[in-house]
Amino acid sequence: DTGVSQNPRHKITKRGQNVTFRCDPISEHNRLYWYRQTLGQGPEFLTYFQNEAQLEKSRLLSDRFSAERPKGSFSTLEIQRTEQGDSAMYLCASSPGVGLSFGSTDTQYFGPGTRLTVL
Amino acid sequence: GENVEQHPSTLSVQEGDSAVIKCTYSDSASNYFPWYKQELGKGPQLIIDIRSNVGEKKDQRIAVTLNKTAKHFSLHITETQPEDSAVYFCAASITGGFKTIFGAGTRLFVKA
């Protein structure tokens with residue numbers, strides 16, 4: 001499968017615990033995005049990477065959230081001291097970079113998401 | 001701040017009928033408007049998109065229209081089928097930018 005993959009697909013944790021999610025983008029894509037989606041809402045932008053550089057963070061991303069993309073390939077999103085309000089679907093997307101001959105930088109391809117439940 | 005409003009939130013149609021979903025955006029700099037379909041347990045999948053230099057785009061049973069002056073864009077699905085049942089999201093962004101603003105979604109039910 002050459003699409004965006006995310007692991008785990010589901011995570012149940014107790015309040016106060018730390019969790020980490022992983023995203024593997026489409027291999028040729030150098031842009032990677034994290035979104036949060038709550039029930040009945042559209043995805044909300046959290047953060048954006050171009051290669052390994054994190055270029056933008058939403059104010060939704062509190063100090064308890066951190067994202068990395070150490071080698072410009074896969075990315076991780078960590079939530080520390082989880083709260084019940086963190087329960088949501090966390091989506092990852094990727095898109096081609098400028099200058100690549102295929103696809104548009106604007107077209108984002110989403111993974112299946114990681115559903116987090118904080119008890 | 002930037003905002004995308006989407007209506008209706010729920011739409012129920014009979015198989016074979018048409019479905020129309022409407023969106024309004026607030027940021028006049030937006031020039032790229034994708035539409036995504038999300039099925040249960042899956043991530044959003046792009047179904048069609050339109051850029052601001054085009055007023056209409058069609059792909060088989062799906063069409064999108066854009067009115068830049070009014071900052072409105074719409075999704076039209078003709079000859080609906082039960083497999084079209086899903087949640088549809090409109091979105092707006094700026095070409096080359098990183099931030100895409102999504103609408104709240106429309107849950108489409110197609111009754112056989």
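Lettering follows sequence order; numbering is per chain, from 1.
Under the 4.5 Å side-chain criterion, counting only non-hydrogen atoms from C-beta, E2(B) is not in contact with F45(A).
Contact between P44(B) and L91(A) at its shortest, heavy atoms only, is CD-CD1, 3.9 Å. Across all their heavy atoms, Q37(A) and F89(B) have their closest contact at NE2-CZ, 3.2 Å.
Applying the 6.0 Å contact sphere to CD of E52(A) captures more than 12 heavy atoms from other residues, nucleotides or ligands. Other residues, nucleotides and ligands place no more than 12 heavy atoms under 6.0 Å from the CG atom of L39(A). In the displayed structure, Q81(B) atom CD is contacted under 6.0 Å by more than 12 heavy atoms of other residues, nucleotides or ligands. For R64(A), the CZ atom is densely surrounded, since the number of other residues' heavy atoms within 6.0 Å is greater than 12. Applying the 6.0 Å contact sphere to CD of Q60(B) captures no more than 12 heavy atoms from other residues, nucleotides or ligands. The number of heavy-atom neighbours closer than 6.0 Å to NZ of K71(B), taken from other residues, nucleotides and ligands shown, is above 12.
I94(B) touches chain A through its backbone: at least one of N, CA, C or O sits under 4.5 Å from a heavy atom, while the side chain does not. For Q6(A), no part sits under 4.5 Å from any heavy atom of chain B, backbone or side chain. Residue P34(B) does not touch chain A at all, counting heavy-atom pairs closer than 4.5 Å. For Q38(B), the part lying under 4.5 angstrom from a heavy atom of chain A is the side chain only. Only the side chain of R9(A) comes within contact range of chain B, judged by heavy atoms closer than 4.5 Å.
Y109(A) and F33(B) fall into different hydrophobic clusters, where Ile, Leu, Val, Met, Phe, Trp and Tyr side chains are chained together by heavy-atom contacts under 4.5 Å.
In terms of heavy-atom pairs under 4.5 angstrom with chain A, the leader among G105(B), G41(B), G43(B) is G43(B).
In this structure, K99(B) NZ and E44(A) CD are separated by 10.0 Å, a value rounded to the nearest 0.5 Å.
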